[in-house]
Amino acid sequence: MRSVTYSMSVSLDGYIVGPDGGFDWTAPDEDVFRFWIDEIRDVGVHLLGRRLYETMLYWETADQDPTLDDSMREWTSLWKPLPKVVFSSTLSAVQGNARLASGGVAEEIERLRAEPGEGEIAIGGATLAAEAAASGLIDEYRAMVYPVLVGGGIPFFPRRERQVDLELVETRTFNSRVVYLRHRVTR
């Protein structure tokens, strides 16, 4: 069965964006960016909430920018063809290799798991991930922890009272002091 992974950049105090909605502190250096390129190779479909989808729209046309460096071109070549499912109650259309979800995240994940396909089902966006987590559908949590305290904003982890036991699978520290943590849900 295809695994469901939730992966985002996060502040040390647990937020994906700060109280003002900013996330400029998540700009990756070359080492971290190369890591994300390698990670996206294992993804078969990416589920996104509206805000993350709109942020990632840049990559749909980035390859037309002559100043793009080789790493960014490589990312674009992997991101553009990747199937994406966008969850939004306000968008009526999406661009690129994306489609609007017709149901809830639990139904979409079950449908994707039932279809033939390879690669992980990746979730991006804390609100969407919280919905999947509430249904017990996330298999791995992957956090790229930045050495910054932002004091509030949108939390990486949903605020709920249910305990989820995790097994540490991988860690990596980058030269930029960013730390990658990969945990598998124990069932």
Side-chain angles (χ1 to χ4, degrees), residues 2-28 32-33 35-36 39-40 42-59 75 79 82-91 94 98-101 103-110 112-113 120-172 178-186:
R2 295 168 81 178
S3 64
V4 177
T5 62
Y6 170 40
S7 184
M8 296 280 296
S9 296
V10 59
S11 65
L12 183 60
D13 55 348
Y15 297 96
I16 62 167
V17 298
D20 62 354
F23 55 94
D24 56 335
W25 46 270
T26 67
V32 171
F33 195 68
F35 181 85
W36 285 124
E39 285 285 298
I40 201 72
D42 294 330
V43 174
V45 61
H46 208 293
L47 311 182
L48 302 97
R50 180 194 52 81
R51 285 184 295 244
L52 183 59
Y53 166 74
E54 289 175 341
T55 299
M56 297 302 286
L57 269 177
Y58 166 78
W59 297 106
W75 170 265
W79 180 257
L82 181 66
K84 296 169 236 5
V85 180
V86 180
F87 292 80
S88 173
S89 60
T90 59
L91 294 175
V94 290
R99 67 175 173 80
L100 284 169
V105 69
E107 295 85 11
E108 188 65 38
I109 288 171
E110 293 308 318
L112 289 168
R113 282 182 165 168
E120 300 164 350
I121 299 169
I123 295 180
T127 304
L128 190 60
E131 188 179 333
S135 298
L137 295 172
I138 296 180
D139 299 304
E140 286 191 8
Y141 290 87
R142 299 174 181 178
M144 191 69 75
V145 183
Y146 281 74
V148 62
L149 303 174
V150 297
I154 298 174
F156 176 86
F157 293 106
R159 302 292 188 233
R160 62 176 187 277
E161 296 180 21
R162 185 172 78 92
Q163 178 175 319
V164 177
D165 294 321
L166 305 171
E167 168 192 4
L168 181 62
V169 177
E170 181 182 358
T171 64
R172 180 172 172 186
V178 172
V179 177
Y180 173 72
L181 301 171
R182 178 178 165 205
H183 288 85
R184 183 176 298 127
V185 174
T186 58

Is Ser11 close to Trp25 at the side-chain level, that is, under 4.5 Å between some pair of heavy atoms?
yes
Search all heavy atoms of Arg162 against all heavy atoms of Ala133 and return the closest pair with its distance.
NH2-O, 2.6 Å
For the backbone of Phe23 and the side chain of Tyr15, can you confirm whether one donor and one acceptor N or O come within less than 3.5 Å of each other?
no
Could you pull out the closest heavy-atom pair between Tyr146 and Pro28, with the gap in Å?
OH-CA, 3.8 Å
Using the ring of each side chain (for Trp, its six-membered ring), is Phe157 parallel, tilted or perpendicular to Tyr141, with breaks at 30° and 60°?
tilted
Closest approach of Ile138 to Ala132 (non-hydrogen atoms, all atoms of both residues)
CG1-CB, 4.0 Å
Hey, can you tell me if Trp75 and Trp59 have their rings parallel, tilted or perpendicular (30° and 60° cut-offs)?
perpendicular
Working to the nearest 0.5 angstrom, can you tell me the gap between Thr5 OG1 and His46 NE2?
7.0 Å
For Glu107, what residues pass the salt bridge (charged side-chain N to carboxylate O under 4.0 Å, His left out) criterion, not counting sequence neighbours?
none
Heavy atoms, side chains only, cut-off 4.5 Å: are Leu82 and Val45 in contact?
no
With sequence neighbours excluded, what pairs up with Glu110 under the side chain to side chain donor-acceptor pair (under 3.5 Å) test?
none
Residues that Ser3 engages under side chain to side chain donor-acceptor pair (under 3.5 Å), provided they are two or more places apart:
none
Find the distance between OG1 (Thr55) and CG (Leu48) and round it off to the nearest 0.5 Å.
9.5 Å
Distance col, row Leu137:CG vs Ile121:CD1, nearest 0.5 angstrom, shows 9.0 Å
Could you work out, with side chain to side chain donor-acceptor pair (under 3.5 Å) as the rule, every residue matching Thr186, not counting sequence neighbours?
none
Arg2 CZ to Leu112 CG distance, which is reported to the nearest 0.5 Å:
6.0 Å
Does some side-chain heavy atom of Pro147 sit less than 4.5 Å from a side-chain heavy atom of Val178?
yes
Arg142: partners by side chain to side chain donor-acceptor pair (under 3.5 Å), with sequence neighbours left out:
Glu39, Glu120, Glu140
Restricting to non-hydrogen atoms, name the atom on Pro83 and the atom on Gly44 that form the minimum distance, rounded to 0.1 Å.
CD-O, 3.4 Å
Spell out, as yes or no, whether a donor-acceptor pair under 3.5 Å connects the side chain of Asp13 to the backbone of Gly151.
yes
At what distance, to the nearest 0.5 angstrom, does CG of Leu47 lie from NZ of Lys84?
11.5 Å
Kindly say whether Arg172 contributes a backbone atom to a donor-acceptor pair with the side chain of Tyr180 at under 3.5 angstrom?
no
Are any non-hydrogen side-chain atoms of Leu91 and Glu54 less than 4.5 angstrom apart?
yes
Are Arg113 and Asp139 ion-paired here, with the side-chain N under 4.0 Å from a carboxylate O?
yes
Working note: Ile123 + Ile109, criterion side-chain contact (heavy atoms from CB on, under 4.5 Å); need CA distance, chi angles, decisive distance, verdict.
CA-CA 10 Å; Ile123 295 180; Ile109 288 171; 4.1 Å; yes
Can you confirm whether Thr127 sits close enough to Arg51 that some side-chain heavy atom of one is under 4.5 Å from a side-chain heavy atom of the other?
yes
State the CG-CD1 distance between Leu52 and Ile16, to the nearest 0.5 angstrom.
8.0 Å
Contact summary for Ile154 and Ala126, nearest pair of heavy atoms
CG2-CB, 3.7 Å
Residues forming a ring-ring contact (aromatic ring centres under 6.0 Å, His included) with Phe87, sequence neighbours excluded
none
